[in-house]
Colleague: 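Before we start, here is the structure in question, set down as structure tokens.
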Number of protein chains: 2
Amino acid sequence: MSTRREAVHRALTASSGFRSAQDLYADLRADGSKIGLTTVYRALQALSDSGDVDVLRTDEGEAVYRACDTENHHHHLVCRVCSTAVEIEGPTVERWTAEIGAQHGFTGVTHTVEVFGTCAECSKA
Amino acid sequence: MSTRREAVHRALTASSGFRSAQDLYADLRADGSKIGLTTVYRALQALSDSGDVDVLRTDEGEAVYRACDTENHHHHLVCRVCSTAVEIEGPTVERWTAEIGAQHGFTGVTHTVEVFGTCAECSKA
DNA sequence: CAAGTTTTGACAACCATTTTCGTTTTCGCC
DNA sequence: GGCGAAAACGAAAATGGTTGTCAAAACTTG
């Protein structure tokens, strides 16, 4: 893992929520780094390929990334105000999606599940 | 609902899977329509605003649309080969996401759930 | 230190989507 | 049927996130 890639990974770990490539680029530049936008994209691509970060798409089509605690399959409960994310696991959903798939004769079933809401902190405000 | 919008809705209904705006534009032009790309986008926007079609994002960030049988909240089981989609309902997931949200003090909880796989038809090939 | 390899980053290219804006169509009304 | 306002249309340009290009910089190895 090159120095640049580590820097991107560190910047991502410093946040508790999902960040876009542009966000991270801004963060790193603000910290005095001379990194280029292209490199940030390349680093995120590599990190997601190796499974070190999770990726998902916002409703606007922007890709957002997160450094997760576990490398196991899991989902997220994301605050739609501050974008903080809690990692959640769900034997229930895993079982349910597998059943649904089987019922309709589908093979190689996978799924995407994301839960959105307003976190306790932001609900108060 | 204007004529153009009906045409887009009809083109969408003619397909059993999710189609992108560009796909629909190509379909309509192939059928001899003189519709413009802008209008297709506008029609899809209006149709999704009024809840007549469902929208989701591919992994590549492209928006894809589908004319659904029911207007109720539901999810999809999508074939990753031919993109045919089956509408599915899941009291189980609805309950599960609500619980997860409550457990972490989140309010106004919503969710996105999509299931992917290879349909029986495409599995054979 | 030199030659070769990898990484980097400024800039241009891409492509789905949105905006702009002048033109055309639709619709209510006489 | 004819008129004028308002809505719909569509071609072309603008936008914005993301990817490709390529020469310069950094690191490796002998």
Side-chain angles (χ1 to χ4, degrees), chain A residues 1-12 15 17-67 78 80 83 85 112 114, chain B residues 1-12 15 17-67 78 80 83 85 112 114:
Chain A
M1 180 133 72
S2 75
T3 310
R4 291 309 202 191
R5 210 155 109 192
E6 276 172 13
V8 171
H9 191 251
R10 221 174 316 112
L12 201 49
S15 166
F18 281 89
R19 316 294 312 274
S20 72
Q22 315 263 349
D23 285 346
L24 289 167
Y25 173 65
D27 289 352
L28 289 162
R29 299 291 286 207
D31 281 351
S33 169
K34 293 282 179 288
I35 198 170
L37 184 54
T38 311
T39 307
V40 175
Y41 273 105
R42 264 194 296 246
L44 289 171
Q45 185 99 46
L47 287 167
S48 77
D49 282 353
S50 64
D52 291 314
V53 307
D54 280 7
V55 197
L56 62 86
R57 296 263 172 189
T58 65
D59 286 345
E60 291 79 43
E62 197 179 17
V64 287
Y65 304 81
R66 175 160 209 263
V78 188
R80 69 167 64 85
S83 88
T112 68
E114 301 300 335
Chain B
M1 181 133 73
S2 74
T3 310
R4 292 311 204 189
R5 210 153 110 194
E6 275 172 13
V8 171
H9 192 252
R10 220 172 319 111
L12 201 47
S15 165
F18 281 91
R19 315 293 314 274
S20 72
Q22 314 266 349
D23 284 346
L24 289 168
Y25 174 65
D27 289 353
L28 289 163
R29 299 292 286 207
D31 280 351
S33 170
K34 293 284 181 289
I35 198 171
L37 183 54
T38 311
T39 307
V40 175
Y41 274 105
R42 264 194 296 245
L44 289 170
Q45 186 100 44
L47 287 167
S48 77
D49 282 353
S50 64
D52 291 315
V53 307
D54 281 7
V55 198
L56 62 85
R57 295 263 171 190
T58 66
D59 286 346
E60 292 79 42
E62 197 179 18
V64 287
Y65 305 81
R66 174 158 211 265
V78 187
R80 69 167 64 84
S83 88
T112 67
E114 300 300 336

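Throughout, a chain's letter reflects where its sequence line sits, starting with A, and its residues are numbered from 1. Computed from a prediction, not measured in an experiment: that's the story for all the values here.
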Colleague: Which heavy atom in B/Glu62 sits nearest to a heavy atom in B/Gln22, and how many Å separate them?
Modeller: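 Scanning both residues completely, I find the closest heavy atoms to be OE2-CG, 4.3 Å.
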Colleague: Within this structure, what is the CZ-to-P distance between B/Arg4 and D/dC9, rounded to whole angstrom?
Modeller: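 So the two atoms are 7 Å apart, to the nearest Å.
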Colleague: With respect to the phosphate group of D/dT19, does any side-chain polar atom (N or O) of A/Tyr41 fall under 4.0 Å of OP1 or OP2?
Modeller: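 For A/Tyr41, the contact criterion (side-chain N or O under 4.0 Å from OP1 or OP2 of D/dT19) is not met.
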Colleague: Checking contacts here: which listed nucleotide (C/dT17, D/dG10, D/dT18) is nearest the side-chain heavy atoms of B/Thr39?
Modeller: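 Nearest nucleotide to the side chain: D/dG10.
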Colleague: In whole angstroms, how far is the P atom of D/dA26 from the CZ atom of A/Arg5?
Modeller: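 Checked: the CZ to P distance equals 20 Å.
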Colleague: With distance as the sole criterion, do the side chain of A/Arg57 and the base of D/dG17 form a donor-acceptor contact below 3.5 Å?
Modeller: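 Under the 3.5 Å cut-off, the side chain and the base do not form any donor-acceptor pair.
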Colleague: Using whole Å, what does the distance between atom P of nucleotide C/dT8 and atom CG of A/Leu44 come to?
Modeller: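 Those two atoms, CG and P, are 13 Å apart.
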Colleague: Heavy atoms from C-beta onward define the side chain here; which of D/dT18, C/dT17, D/dG10 lies closest to that of A/Leu37?
Modeller: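 Per side-chain heavy atoms of A/Leu37, the pick is D/dT18.
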Colleague: Within the 4.0 Å heavy-atom criterion, would you say A/Glu60 contacts the bases, only the backbone, or no part of the nucleic acid?
Modeller: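 Contact class for A/Glu60: none.
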Colleague: Please walk me through it: do B/Asp49 and B/Gln45 pass side-chain contact (heavy atoms from CB on, under 4.5 Å)?
Modeller: CA-CA 6 Å; B/Asp49 282 353; B/Gln45 186 100 44; 4.1 Å; yes
Colleague: Just jot down the ring-ring contact (aromatic ring centres under 6.0 Å, His included) partners of A/Phe18, sequence neighbours excluded, or say none.
Modeller: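 If we apply the ring-ring contact (aromatic ring centres under 6.0 Å, His included) test to A/Phe18, skipping adjacent residues, the hits are A/His76.
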Colleague: At less than 3.5 Å, do the side-chain atoms of B/Arg42 and the base atoms of D/dG10 form a donor-acceptor pair?
Modeller: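 Present.
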Colleague: Cut-off 3.5 Å, side chains only: do A/Ser50 and A/Asp52 have a donor facing an acceptor?
Modeller: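 Looking only at side-chain atoms, A/Asp52 and A/Ser50 do form a donor-acceptor pair, the distance falling under 3.5 Å.
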Colleague: Please report the distance, rounded to the nearest Å, between CG in A/Leu24 and P in D/dG17.
Modeller: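 Taking atom P of D/dG17 as the reference, CG of A/Leu24 is at 14 Å.
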Colleague: Counting only distance, no hydrogens or angles, is the base of D/dA11 paired donor-acceptor with the side chain of B/Thr38 under 3.5 Å?
Modeller: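 Answer is yes: a donor-acceptor pair is held.
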Colleague: Using whole Å, what does the distance between atom C1' of nucleotide C/dT8 and atom OH of A/Tyr25 come to?
Modeller: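 A/Tyr25 atom OH is separated from C/dT8 atom C1' by 13 Å.
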